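Note on naming: letters A, B, ... go to the chains in the order of the sequence lines (proteins, then strands), and numbering restarts at 1 for each one. Worth saying up front: this structure is predicted, and the values here are computed from it rather than measured.
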Amino acid sequence: MKNRIPYNPSLIEPKWQKKWKDSKIYTVDLDSKDKKNYFSLTMFPYPSGDLHIGHWYAFTPADSYSRFKKMKGFNVLHTQGFDAFGLPAENAAISRNINPMKWTFDNIDNMRGQFNLMGNSYDWTRELITCTPEYYKWNQFFFLKMYEKGIAYRKNGAVWWDPIDQTTLANEQVVEGKSERSGADVVRKMMPQWYFKITDYAEELLEMDDLGWPEKIKHMQRNWIGKSLGTDVDFKLQKGNKIISTFTTRVDTIFGVTFIVLAPEHDLINEVTTEEHKEKVKNYIKNSAKSSEIERTSTEREKTGQFTGGYAINPMNNKKIPIFIGDYVLGTYGTGAVMGVPAHDQRDYEFAKKYELPVDVVISKDGKITNDLKKANESYGILVNSQNFDGLDSEKAKKSITDFMEKNRFGKGTVTYHLRDWLISRQRYWGTPIPIFYDENENIIPVDINELPVVLPEAKEFMPTGQSPLTLDEEFLWFDHPKYGKLRRETDTMDTFVDSSWYHLRFASDESSKVDPFNKERLKNWLPVHQYTGGAEHAVMHLLYARFFNKVLRDLGFVDFDEPYQNLYNQGVLLKDHQKISKRSNPLAPDPLVKEFGADAVRLYLMFLGPWDQGGDWSDDAFNGITRWLNRVWDISTRDTDELISNDENNKDFEILINSTVKKVSEDFERFKFNTSISTLMEYTNSLSKIWNAGCNNDLWKESIIILIKLLSPMAPHITEELWGLNGQEFSVHNQEFPSWDDQLISTDTKTIVVQVNGKVRSQFDIEGTKSEEEIFEMASNNEKVQENLTGKEIIKKIYVKDKLVNFVVR
RNA sequence: GCCGAGGUGGUGGAAUGGUAGACACGAAGGACUUAAAAUCCUUUGCCUUAGGGCGUGCGAGUUCGACUCUCGCCCUCGGCACCA
């Protein structure tokens with residue numbers, strides 16, 4: 001017996017990591033044409049300084065999938081980088097007086113080492129760090145191109161303000177009235193800010209039919225964009241000739257309007273308010289500004305308002321209707337004014353009851369009028385009390401009334417979106433400087449594209465004051481322009497979501513170019529990203545922004561495809577012992593686990609936990625199962641075949657086992673079902689143990705081991721590389737072709753037929769070769785167990801599923 | 001409130017119209033050991049009068065046959081929410 005080496009991951013893992021690096025096996029030739037290209041990308045991390053288990057859960061299955069694709073014959077680009085701008089660096093600077101650049105780069109160095117422990121297949125020569133001028137220069141470049149086209153613009157308006165982080169936020173970054181990042185209750189502020197005109201692309205962003213994305217994400221994006229078809233109806237003021245435009249999706253209820261409500265921010269409030277109501281209206285506006293946005297948008301809250309003293313005229317019937325202001329109407333949606341139809345809108349109903357306004361029913365289920373409403377009837381029906389539109393159903397009435405209004409020029413069909421333009425200004429330091437100057441009259445003067453990058457200067461003061469820290473840097477702030485003289489620089493920086501909106505393009509493009517952001521030829525060969533993976537929390541932020549950016553870059557002529565990510569897969573959330581993983585209460589750090597059990601075991605266990613998209617529940621106990629199995633894999637793959645008892649009787653079954661295992665593992669990989677591909681491999685090794693004990697053909701055994709190593713190699717790269725060598729194979733297993741299977745070798749001559757009586761399993765038997773249906777019924781009914789259940793009963797139906805099952809239906 | 005995903009042994013999960021519980025954990029028993037650990041073997045859904053009966057959140061339905069399809073309800077998680 002040979003002296004066998006035990007499995008020692010802490011010895012072999014660093015060895016192979018070094019060898020892979022030295023031999024550059026993961027460096028991709030972007031211009032190679034001999035294979036089909038496959039770009040496998042996973043959302044890059046923020047360099048927090050620690051690669052935690054959640055990162056492993058996101059990255060290792062994606063790495064395994066990329067390795068699988070490589071073995072399947074693709075030229076795979078799998079890259080990694082760091083989303084390196086953002087507040088934590090700045091907060092570290094504030095609390096610990098560390099330079100944000102140094103903090104970030106120290107963290108990156110540390111994380112690279114942690115990434116290395118994973119045994120990844122990233123092409124690190126293509127690493128990106130977004131806080132470097134070589135990278136963010138292109139943010140500025142795109143910004144200026146977008147400014148030229150009017151897609152980037154500056155506007156003074158109401159914005160969301162995060163009082164903890166002391167900066168404005170985009171709509172998408174406000175969740176339930178709180179800052180998505182800091183959790184602070186956001187407030188409204190009026191300030192001039194820079195925006196990207198994402199609303200111009202609202203309609204195109206809704207087109208997602210061809211995207212291989214989870215329906216859930218598409219759904220969330222559609223909801224966020226929030227398209228709704230309706231009608232703008234113009235109400236003339238009773239006094240003067242100004243017009244209040246209201247947006248409604250239910251223009252069929254126009255004859256039921258009994259009041260109008262304006263948002264407290266509405267432009268015409270001063271116009272409509274009469275002298276005697278001025279004071280009350282002013283107070284109402286003041287109070288509603290005081291109440292937080294959460295209070296204002298709570299559905300539970302009682303509706304409040306204030307009569308303005310003014311009246312408007314319903315253009316359809318010339319009725320005089322009172323104008324209120326009320327903060328249940330949002331200034332940011334539609335026209336900021338609504339027509340109140342209490343009979344057919346629950347919110348308007350509540351408002352009407354409170355202020356004792358009439359409730360006029362104009363829609364009825366059966367054409368008859370019922371007046372004792374307990375709540376609004378919001379369903380469609382037949383129009384009543386609606387002059388010559390009486391009798392029409394809601395659907396038709398909407399169209400006819402809108403047509404009528406368009407003809408008479410007091411209304412028109414419109415489309416409204418929930419989506420707002422993307423506010424990108426941030427009053428913080430650690431981000432891309434917005435490349436803009438202002439002259440003394442606040443005129444905007446864009447930085448010359450040839451002068452890019454506008455380098456973010458080293459700052460001394462980071463305290464968030466509501467003004468960008470760059471304001472304090474006099475040297476940065478003032479610029480002597482050859483043409484315009486003394487100019488003030490924009491001191492706000494860009495939202496970091498700008499950085500991640502196009503990074504995938506940069507991974508595949510020529511990073512050496514100083515003139516163009518991308519190498520078009522390479523983009524053509526590598527994009528869109530074939531497979532993107534990451535968390536669902538980015539559904540309406542990163543994933544929407546990146547789609548928008550792609551369309552803008554297409555219209556600017558930089559890319560010639562419509563979507564950035566062809567296929568998307570969302571991993572679930574990893575728990576530990578049914579709880580959220582947190583550093584304090586139930587920590588789960590990968591580094592010590594790797595030290596003790598090896599990266600392969602951690603990788604495998606993360607994939608074995610359950611289906612990747614549904615998340616998983618880590619338990620230290622269950623983790624033992626994987627380390628035990630890896631030891632068995634090691635044991636079985638290092639046996640001395642001289643000790644194998646030769647036996648050719650089970651050759652056929654052995655071949656079936658090998659082929660069906662290859663098939664199942666391959667198919668599971670394609671579907672991201674890593675958990676079942678591992679359990680299939682476990683069954684395979686269990687069978688191999690039994691086969692060894694029974695004795696088998698020596699060549700088949702050797703083949704079965706080579707196949708085991710190959711099948712396992714994408715998921716457990718280190719142990720398989722070692723076993724590959726120990727089995728006399730040339731470096732590297734990761735450059736091998738993934739095994740293929742022969743369907744012919746899987747189908748057996750022997751089939752097991754299950755016999756049911758009334759759908760209950762009573763027996764089973766084996767058949768050889770092909771048998772006729774008659775023969776099968778014959779064999780089935782002769783079975784002793786089946787007989788017991790058939791005697792004294794009448795067979796009324798016989799079901800036969802070929803090679804599988806017989807069912808006797810008896811009475 | 002609306003939309004989406006899900007609910008299967010003691011636990012993680014498998015099976016997407018055809019033998020429910022693969023695989024793994026845990027547990028029990030055994031082998032090896034002075035002993036323990038490790039490893040290996042056996043058993044392991046529940047009830048049981050030992051012949052069976054019951055069983056995939058609950059209740060109906062479709063079907064020869066339902067974890068799987070349909071309808072209603074309950075619960076958990078995620079998203080959206082005064083969007084006119």
Legend entry - P atoms of B/rU68 and B/rU49, separation to the nearest Å: 32 Å
Inset, instruction - Whole angstrom is fine here: how far is it from CG in A/D345 over to C1' in B/rC82? - result: 9 Å
Inset, instruction - Looking at every strand, decide which applies to A/V338 at a 4.0 Å heavy-atom threshold: base, sugar-phosphate, or nothing. - result: base
Inset, instruction - Provide the distance between the two C1' atoms, one in B/rU70 and one in B/rG17, to the nearest whole Å. - result: 14 Å
Inset, instruction - For B/rC2 and B/rA20, measure between their P atoms and round to the nearest Å. - result: 38 Å
Legend entry - A/K216 vs B/rG4: side-chain N/O to OP1/OP2 distance below 4.0 Å: no
Inset, instruction - Remember a base hit wins even if backbone is also touched, and classify A/E683 as base, sugar-phosphate or nothing at under 4.0 Å, heavy atoms. - result: sugar-phosphate
Legend entry - Nearest-nucleotide pick for A/M220, side chain only, options being B/rG79, B/rA24, B/rG65: B/rG79
Inset, instruction - State whether A/R628 places a side-chain N or O below 4.0 Å from either non-bridging phosphate oxygen (OP1 or OP2) of B/rA38. - result: no
Inset, instruction - Using atom CG of A/L330 as one end and atom P of B/rA81 as the other, report the distance to the nearest whole Å. - result: 11 Å
Inset, instruction - Determine the contact category for A/Q756: base if any of its heavy atoms lies under 4.0 Å from a base atom, sugar-phosphate if only primed atoms, P, OP1 or OP2 are that close, otherwise nothing. - result: base
Inset, instruction - Could you state the atom-to-atom distance from NE2 of A/H538 to C1' of B/rG78 in whole Å? - result: 16 Å
Inset, instruction - Round to the nearest Å and state the distance from A/K673 atom NZ to B/rA15 atom P. - result: 7 Å
Legend entry - Short side-chain N/O contact from A/N686 to OP1 or OP2 of B/rA24, under 4.0 Å: yes
Inset, instruction - Using the P atom as the reference point in each nucleotide, state the distance between B/rC47 and B/rA15 in Å, no decimals. - result: 28 Å
Legend entry - Between B/rG45 and B/rG10 - C1' atom distance, rounded Å: 10 Å
Inset, instruction - Just call it for A/N631: base, sugar-phosphate, or nothing, with non-hydrogen atoms closer than 4.0 Å on any strand. - result: nothing
Inset, instruction - For B/rG7 and B/rC67, measure between their C1' atoms and round to the nearest Å. - result: 11 Å
Inset, instruction - Remember a base hit wins even if backbone is also touched, and classify A/S228 as base, sugar-phosphate or nothing at under 4.0 Å, heavy atoms. - result: sugar-phosphate
Legend entry - Nearest atoms (heavy-atom pairs only) where A/A536 meets A/I217: CB-CD1, 3.9 Å
Inset, instruction - Check the distance between B/rC80's C1' and A/E180's CD and give it to me in whole angstrom. - result: 15 Å
Inset, instruction - Describe the nucleic acid contact of A/V761 in one word from base, sugar-phosphate, nothing, applying a heavy-atom distance below 4.0 Å. - result: sugar-phosphate
Inset, instruction - Just call it for A/R632: base, sugar-phosphate, or nothing, with non-hydrogen atoms closer than 4.0 Å on any strand. - result: sugar-phosphate
Inset, instruction - Determine the contact category for A/H219: base if any of its heavy atoms lies under 4.0 Å from a base atom, sugar-phosphate if only primed atoms, P, OP1 or OP2 are that close, otherwise nothing. - result: sugar-phosphate
Legend entry - Span that lies between the C1' atom of B/rG1 and that of B/rG61, in whole angstrom: 29 Å
Inset, instruction - Would you mind reading off the distance between A/R762 atom CZ and B/rG65 atom P, rounded to a whole angstrom? - result: 14 Å
Inset, instruction - Pick base, sugar-phosphate or nothing for A/R420, based on heavy-atom distances below 4.0 Å to the nucleic acid. - result: nothing
Inset, instruction - Can you figure out which of B/rA24, B/rC64, B/rA81 approaches the side chain of A/H418 most closely? - result: B/rA81
Inset, instruction - Describe the nucleic acid contact of A/D348 in one word from base, sugar-phosphate, nothing, applying a heavy-atom distance below 4.0 Å. - result: nothing
Inset, instruction - Indicate, with a heavy-atom threshold strictly under 4.0 Å, whether A/H578 touches base, sugar-phosphate, or nothing. - result: sugar-phosphate
Legend entry - Nearest-angstrom distance, P atom, B/rC58 to B/rA66: 15 Å
Legend entry - Criterion side chain to side chain contact (heavy atoms under 4.5 Å, CB included) against A/L357, the qualifying member of A/Y349, A/F351, A/F307: A/F351
Inset, instruction - Of all the heavy-atom pairs spanning A/L604 and A/A716, show the shortest one and how long it is. - result: CD1-CB, 4.0 Å
Legend entry - d(CD1, A/I678; C1', B/rA14) in whole Å: 14 Å
Legend entry - Whole-Å distance separating the OH atom of A/Y333 from the P atom of B/rA84: 4 Å
Inset, instruction - For A/N758, report the nucleic acid contact type (base, sugar-phosphate, nothing); a contact means any heavy atom under 4.0 Å. - result: nothing
Legend entry - Earlier contact from the 5' end, RNA chain B, for A/D668 and A/G226: A/D668
Inset, instruction - Go through B/rA15, B/rA84, B/rA81 for me and flag the one nearest to the A/V329 side chain. - result: B/rA84
Inset, instruction - Would you tell me if any nitrogen or oxygen in the side chain of A/N624 comes within less than 4.0 Å of OP1 or OP2 on B/rA24? - result: no
Inset, instruction - Report yes if a side-chain nitrogen or oxygen of A/R222 is closer than 4.0 Å to either non-bridging phosphate oxygen (OP1 or OP2) of B/rG4; otherwise report no. - result: no
Inset, instruction - Using a 4.0 Å heavy-atom cut-off across all strands, classify A/N223 as base, sugar-phosphate, or nothing. - result: nothing
Inset, instruction - Quick one: closest heavy-atom pair of A/H344 and A/E378, and the distance? - result: O-CG, 3.5 Å
Inset, instruction - Decide yes or no on ring pair (Phe, Tyr, Trp, His ring centres under 6.0 Å) for A/Y57 and A/W618, but give the supporting numbers first. - result: CA-CA 11 Å; A/Y57 190 63; A/W618 180 290; 9.5 Å; no
Legend entry - 5' priority, RNA chain B, between A/Q764 and A/G610 [closest heavy atom]: A/G610
Inset, instruction - With heavy atoms under 4.0 Å as the rule, sort A/L805 into base, sugar-phosphate or nothing. - result: base
Legend entry - Side-chain H-bond candidate by donor/acceptor type, A/Y355 with A/K303, under 3.5 Å: no
Legend entry - Audit row: A/V251, A/M405, side chain to side chain contact (heavy atoms under 4.5 Å, CB included) steps and yes/no: CA-CA 10 Å; A/V251 77; A/M405 287 179 168; 3.8 Å; yes
Legend entry - Opposite nucleotide pairing with B/rA5, Watson-Crick or G-U, both atom distances under 3.5 Å: B/rU76
Inset, instruction - Could you tell me whether A/E350 and A/K353 make a salt bridge, using a distance below 4.0 angstrom between a side-chain N and a carboxylate O? - result: no
